[in-house]
Amino acid sequence: MSAVMLGSGAGAEQSALIELLRESVKVGGIFDFGYREASVLTNDEWLHGAHGVPQHCLLLAYPRGLDSPMQAASVMPEDREIILLRVIRETSLPNQSDLTRLRAEDTDRTITNHYREDGQRDAPADVLTRNLMQQAAFRCRILGTFVEDEKGDLVFGKDVDAVYASAGYIVAKPHGSSLQLVVDHVELPMGERENEQQGDDAANADLPDTDATIVIGKLRYASARRRERIARVQQRTTEVDVRVRPKDFVAHKTAVFGMTRAGKSNTMKVLASAVHLYAHKTGIPVGQLIFDPAGEYAYANRQDGTALSQLGDNIRIYRLGATNADRSRKIRPLSLNFFDEKQLNGCWSLIESFFAGDNRKYIQNFLSCDPTRLPSGTEDRGDQNRLRAVQSMYYAILLHAGLEPPQGWTCELPTNEKTRDLIDLPGSDVIRVNADQLKRASLIIARTAGAASVKNKGNVEAVKMWISDSSIGGHGDPSIDGMVGMLATSGRANGYKELRGIRPYHGSDSRADFAPAIYADLARGRLVIVDLSRGSEQVLQTCAERVINEIISRASQRFRDGKPPRPMQVFLEEAHRLLDRDKFNKAASSNDPYVRLAKEAAKYKIGMIYATQEVSSVDEMILSNTANWVCAYMNNASETKKLANYYDFSDFADQILTADNRGFVRLRTDSSPYTLPVQVAKFDLDMVNNVRKECGLPPTVASTDFAPEAGIEADSYEDCPDPDEMFDQFNANHSLTLTDHSLPASLFDDEAY
């Protein structure tokens, strides 16, 4: 630590150092002093008077006399400092073997006296011996040194600049206001400090700061809290408020680790509240995007009626399958109208995401088609008709897959005289057909085109616009083959049935593509909750990836155009599925939206708050660039070992493995000089109203917008026939004819027995 000139008040009553020691209880002194660790001598009486010294307890070590305004003047100027310690474990004293022997003898004497029947008792140990037996020691991590600067302000250096052989430091346990000073101490992180080299700025360095902080929870040393409750009654509490600097989370990566039910979702709500407050206080729009797979963000908590949407007027919810009642409450549909030409690009993009990773040939042939090319974009009449042929077949596939078109919807179908004879519809070269007509005509056309292509026969002239093979009269454009193949299937291909999974994304009355709409909300600084609780896993992933791709695409375009980035925050639940190492190691990872988000987010001022159970599942590149860490209970020693590679989490490894209290976390933020054990505050109505008050809004009341409860119905097992009945029937006649496609034929294969 560089030399620091002490302020004139360093030894005075108003000194910041004196204030730091004002509410503290002496617990011992240092007898072994090093650069990284120190050993503290204590005894049972001191520990009892301090209501215990639990593991991870913060302690203050200072030269003798510094705690007294009268004696502080006699302390050498260079020694006017307070060293911050953290208890990490118990340790041995130089005479430990003698102490152990005395304690063993005393224990043996006590047990023997208890069981003696002759009425005689051995004399207890004398006072001096008992005092000696009560001596103990613990090993402490040296976190750094508090000193005063020229202005008399408290500053912190993350080491010590002198180690004395004789030590001579008194050790005290701070509580109340003194401990609050320690916990509240923050420093500007690297990249935000003055006079730093240009080019090393943090991603959010140019964003304004604010004095407004949010209480994330209370300091909590141990899972057991009996002594702390007694200390609270005696005005010596160590459960002081832990506040966070909201800017720490903006445009930065934040990790939330912990087992299921360890309180990760509650923590995410508190962090969202902090960023919401920051945006209001600074006037900087910071959009926040939360994908909600379980409905715990979009709906109110049933215990206290608190919902994240109550924070303010700039919360927007998108819901899969939004009803008319939902829309009346301004909940937006998370859907597209697949029959709206204006949304054609977005719909096809979603289909591409839906089939991502599917390498079946007929699926790949289908994806190679491009129905987004509009006939109006070309002047050649033949090209226009070929594009109409592709689009009409695309719409027909959607209809066969079960997507309902809007009322009165029609489509252009290119024909010639033989085509009209084949499908038995009158008209001219381009006829307009409704949904029923298109479904019937498309099957006839697809089967005829398929037969013509495979067997080189059939009414080729009638369907030549749907054939690519120029040798039999086709037009040579292969883009149509994949469309025809989805209707004229062969072998085991499911064809259009594969598209039934996109029905949840379709809304015949949808007026806008949800991905650009969500981006527009985020650009304006709104908190967007995407409710995916009603969809399948594939629906969730496809929707989320489409939105992430939209955000990255827009952000990168602004970056290339030299326009200022728009700060945003993306919350990722179950991040181990999205940010795993395998994705980062694959050559195709550049196409993965989450990999791109993780790699490029900083330059776009897009922050990530990702929650997962396993540290090892997240790529090291992400971990190394994570500014804020929230670590709750984990039951895997290998995971805590991985966590121990970062900051000072090795000190907390044992506690993380054992303390399974919900919301009990170890917190390290970008501006915090040391990690703190914290009981995260519950996101409740009081927190909501405190944030609303800071934002100038009136208080709100408990919400009744609860997630619908799933009714418990008798299981009919329609999707899985009873094997007992199947085998009994088979054994009865040995000639069961399978007419129900839901019964697996392999069960009745004689060769299998």
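Along the sequence shown, the residues carry numbers beginning at 1. What you see is a predicted model, and the numbers here were worked out from it, not measured in a lab.
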Quick check: does any side chain N or O of [X] sit under 3.5 Å from a backbone N or O of [Y], one acting as donor and the other as acceptor?
| X | Y | value |
| --- | --- | --- |
| Y633 | R261 | no |
| D670 | D248 | no |
| R558 | D561 | no |
| R668 | S672 | yes |
| Q655 | Y221 | yes |
| T145 | K158 | no |
| K253 | L623 | no |
| K247 | N204 | yes |
| E639 | S616 | yes |
| E573 | D292 | no |

Nearest 0.5 angstrom please: [X] [atom1] to [Y] [atom2], how far?
| X | Y | atom1 | atom2 | answer |
| --- | --- | --- | --- | --- |
| I83 | L60 | CD1 | CG | 10.5 Å |
| I214 | D241 | CD1 | CG | 11.5 Å |
| T210 | L277 | OG1 | CG | 7.0 Å |
| K264 | C631 | NZ | SG | 12.0 Å |
| I656 | F257 | CD1 | CZ | 10.0 Å |
| M259 | E614 | CE | CD | 8.5 Å |

How about [X] and [Y]: do any of their side-chain heavy atoms sit closer than 4.5 Å?
| X | Y | answer |
| --- | --- | --- |
| I142 | L85 | yes |
| L179 | E23 | no |
| M568 | Y604 | no |
| R566 | L522 | no |
| L676 | L58 | yes |
| C543 | F514 | yes |
| Y646 | T626 | no |
| L271 | I216 | yes |

Worked check of salt bridge (Lys or Arg N to Asp or Glu O under 4.0 Å) between K599 and D592: CA-CA 11 Å; K599 289 182 175 180; D592 186 283; over 6 Å; no

Partner of L308 by side chain to side chain contact (heavy atoms under 4.5 Å, CB included), out of H276, K269, Q288: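 Running side chain to side chain contact (heavy atoms under 4.5 Å, CB included) over H276, K269, Q288 with L308 returns exactly one hit, K269.
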
Relative to the ring of Y647, is the ring of W629 parallel (under 30°), tilted (30 to 60°) or perpendicular (over 60°)?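 Taking Y647 first and then W629, their aromatic rings stand perpendicular (interplane angle over 60°).
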
Parallel under 30°, tilted from 30 to 60°, perpendicular over 60°: which one fits the rings of F146 and F156?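 Geometry flag for F156 against F146: tilted rings.
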
Identify the heavy atoms of [X] and [Y] that sit nearest to each other, and give their distance.
| X | Y | value |
| --- | --- | --- |
| E81 | V147 | CB-CG1, 3.8 Å |
| A274 | P246 | O-CB, 3.3 Å |
| L21 | S178 | C-OG, 3.7 Å |
| I82 | L17 | CD1-O, 3.5 Å |
| A212 | K281 | CB-CG, 3.7 Å |
| P174 | L59 | CD-CA, 4.0 Å |

What do the steps show when you test Y505 against L336 for side chain to side chain contact (heavy atoms under 4.5 Å, CB included), and what is the final call? CA-CA 6 Å; Y505 303 106; L336 296 165; 5.7 Å; no

Take atom NZ in K603; do more than 12 heavy atoms of anything else shown fall under 6.0 Å from it?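 Enclosed.
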
Between [X] and [Y], does at least one N-O distance fall below 4.0 Å, as a salt bridge requires?
| X | Y | answer |
| --- | --- | --- |
| K642 | E620 | yes |
| R245 | D209 | yes |
| D651 | R86 | yes |

Apply the test side chain to side chain contact (heavy atoms under 4.5 Å, CB included) to residues V528 and V547: give CA-CA distance (whole Å), side-chain angles for both, the deciding distance (0.1 Å), then the verdict. CA-CA 11 Å; V528 177; V547 175; over 6 Å; no

Does R666 qualify as a cation-pi partner of F649, given the criterion of NZ or CZ under 6.0 Å from the six-membered ring centre and within 45 degrees of its axis?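 Not flagged: R666 not positioned over aromatic ring of F649.
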
For D304 and L685: C-alpha separation, side-chain torsions, deciding distance, then whether side chain to side chain contact (heavy atoms under 4.5 Å, CB included) applies. CA-CA 7 Å; D304 57 18; L685 198 58; 5.8 Å; no

Donor-acceptor pair between E296 and S265 side chains, under 3.5 angstrom: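 Indeed, the side chains of E296 and S265 share at least one donor-acceptor pair under 3.5 Å.
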
Going by distance alone, is a donor N or O of one side chain under 3.5 Å from an acceptor N or O of the other, for Q557 and R560?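 Result is yes, a qualifying pair exists.
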
Would you sort out whether R319 and L334 count as a side chain to side chain contact (heavy atoms under 4.5 Å, CB included), showing the intermediate values? CA-CA 5 Å; R319 181 166 295 163; L334 191 66; 5.7 Å; no

Test log, rule side-chain hydrogen bond (donor to acceptor under 3.5 Å, both in side chains), inputs S533 and D531: CA-CA 6 Å; S533 59; D531 180 7; 2.7 Å; yes

